Amino acid sequence: AQSVTQLGSHVSVSEGALVLLRCNYSSSVPPYLFWYVQYPNQGLQLLLKYTTGATLVKGINGFEAEFKKSETSFHLTKPSAHMSDAAEYFCAVDSGGGADGLTFGKGTHLIIQP
Amino acid sequence: DTAVSQTPKYLVTQMGNDKSIKCEQNLGHDTMYWYKQDSKKFLKIMFSYNNKELIINETVPNRFSPKSPDKAHLNLHINSLELGDSAVYFCASSQEGAWGQFFGPGTRLTVL
């Protein structure tokens with residue numbers, strides 16, 4: 001069984017400040033980890049993914065995430081928040097070879113204060 | 001060009017009706033999925049399907065059935081709609097051996 005926990009259903013940061021969205025996972029096999037972003041009334045867009053190799057993964061829009069096996073974490077960061085980053089962010093895990101679908105966390109709503 | 005498309009975008013219907021949501025992907029992917037996003041934005045897998053097998057999440061009522069006329073399409077049929085079926089339904093696709101799924105724009109289903 002696999003699960004994903006996202007700490008904080010809402011995170012508020014000032015424009016220009018560091019963004020940190022937390023994700024912890026549990027998986028009985030080596031996981032493949034993803035971050036997706038959902039803008040209002042839209043579908044999910046893949047931000048970045050970790051499969052194998054380098055544990056620091058860079059994605060689109062200046063986001064990056066680091067896989068830490070010892071901490072079972074895959075936190076998402078961005079050095080400087082922009083107003084356009086306001087959205088819902090989902091962490092997901094796939095340890096079933098793909099066919100079982102993704103297991104998502106409950107999402108974190110990112111609010112950017114001007 | 002839209003990679004994963006769904007129709008309709010909005011669907012409003014009465015309890016007890018039968019409805020379908022269509023999904024098409026032009027990415028050449030071999031696996032397609034349906035997810036349900038509830039009012040709290042929680043996303044849950046309903047089905048995954050490739051040309052070999054259909055995997056059904058055990059919590060999905062048998063009123064829901066996926067139909068795949070070909071590799072590029074996975075439609076969702078829902079019989080005897082209930083109030084609790086109101087949600088946003090997302091179609092997604094992926095390629096075996098590659099990680100990450102591409103999502104459609106979603107269909108907001110409202111059951112009155």
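A note on names: the letters A, B, ... follow the listed sequences, proteins ahead of strands, and every chain is numbered from 1. The model shown is predicted, which means the values in this text are computed figures rather than measured ones. All values below come from the heavy atoms of this structure, side chains included, with hydrogens, waters and symmetry mates left out.
Hydrophobic cluster membership differs between A/V37 and A/I111, with clusters built from Ile, Leu, Val, Met, Phe, Trp and Tyr side chains linked at under 4.5 angstrom. Following chains of ILVMFWY side-chain contacts shorter than 4.5 Å, one cannot reach A/L7 starting from A/F67, and the two form parts of different hydrophobic clusters. In the hydrophobic clustering of ILVMFWY residues, with side-chain heavy atoms under 4.5 Å counting as a link, A/L110 and A/I60 come out together. Put simply, B/V4 and B/L74 are part of two different groups of oily side chains (I, L, V, M, F, W, Y) that touch within less than 4.5 Å, one to the next. Side-chain heavy atoms closer than 4.5 Å link hydrophobic residues (I, L, V, M, F, W, Y) into clusters, and following such links, even through other members, never connects B/F102 to B/M46.
Residues passing the ring-ring contact (aromatic ring centres under 6.0 Å, His included) test with A/H82: none are found, sequence neighbours excluded.
Rounded to the nearest 0.5 Å, atoms CG (A/D94) and OG (B/S94) are 8.0 Å apart. Considering CG of B/L43 and CD of A/E88, their distance stands at 9.5 Å, rounded to 0.5 Å. We find the CZ-CZ distance between A/F90 and B/F42 to be 9.5 Å, quoted to the nearest 0.5 Å.
Within a 6.0 Å sphere centred on NZ of B/K67, heavy atoms belonging to other residues, nucleotides or ligands number more than 12. In the displayed structure, B/N62 atom CG is contacted under 6.0 Å by at most 12 heavy atoms of other residues, nucleotides or ligands. A 6.0 Å sphere centred on NZ of A/K58 holds no more than 12 heavy atoms belonging to other residues, nucleotides or ligands.
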| task | Evaluate the criterion side-chain contact (heavy atoms from CB on, under 4.5 Å) for residue pair B/Y33 and A/L102; output intermediate values, then yes/no. | result | CA-CA 10 Å; B/Y33 311 81; A/L102 298 172; over 6 Å; no
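For residues 11-23 of chain A, an interface with chain B (any heavy-atom pair closer than 4.5 Å) does not exist. Heavy-atom proximity under 4.5 angstrom to chain A picks out B/P105, B/R108 from residues 105-112 of chain B. Residues of residues 83-91 of chain B placed with any heavy atom under 4.5 Å of a heavy atom in chain A are listed by number as B/F90.
Contact annotation for B/K44: neither backbone nor side-chain heavy atoms come within less than 4.5 Å of a heavy atom of chain A. A/Q45 does not touch chain B: none of its heavy atoms, backbone or side chain, sits under 4.5 Å away. With a 4.5 Å cut-off on non-hydrogen atoms, B/Q37 touches chain A through its side chain but not through its backbone.
A distance-only check finds no donor-acceptor pair linking the side chain of B/Y35 to the backbone of A/G101 [under 3.5 Å].
Counting only heavy atoms from C-beta outward, the side chains of B/Q101 and A/Y36 approach each other to under 4.5 Å.
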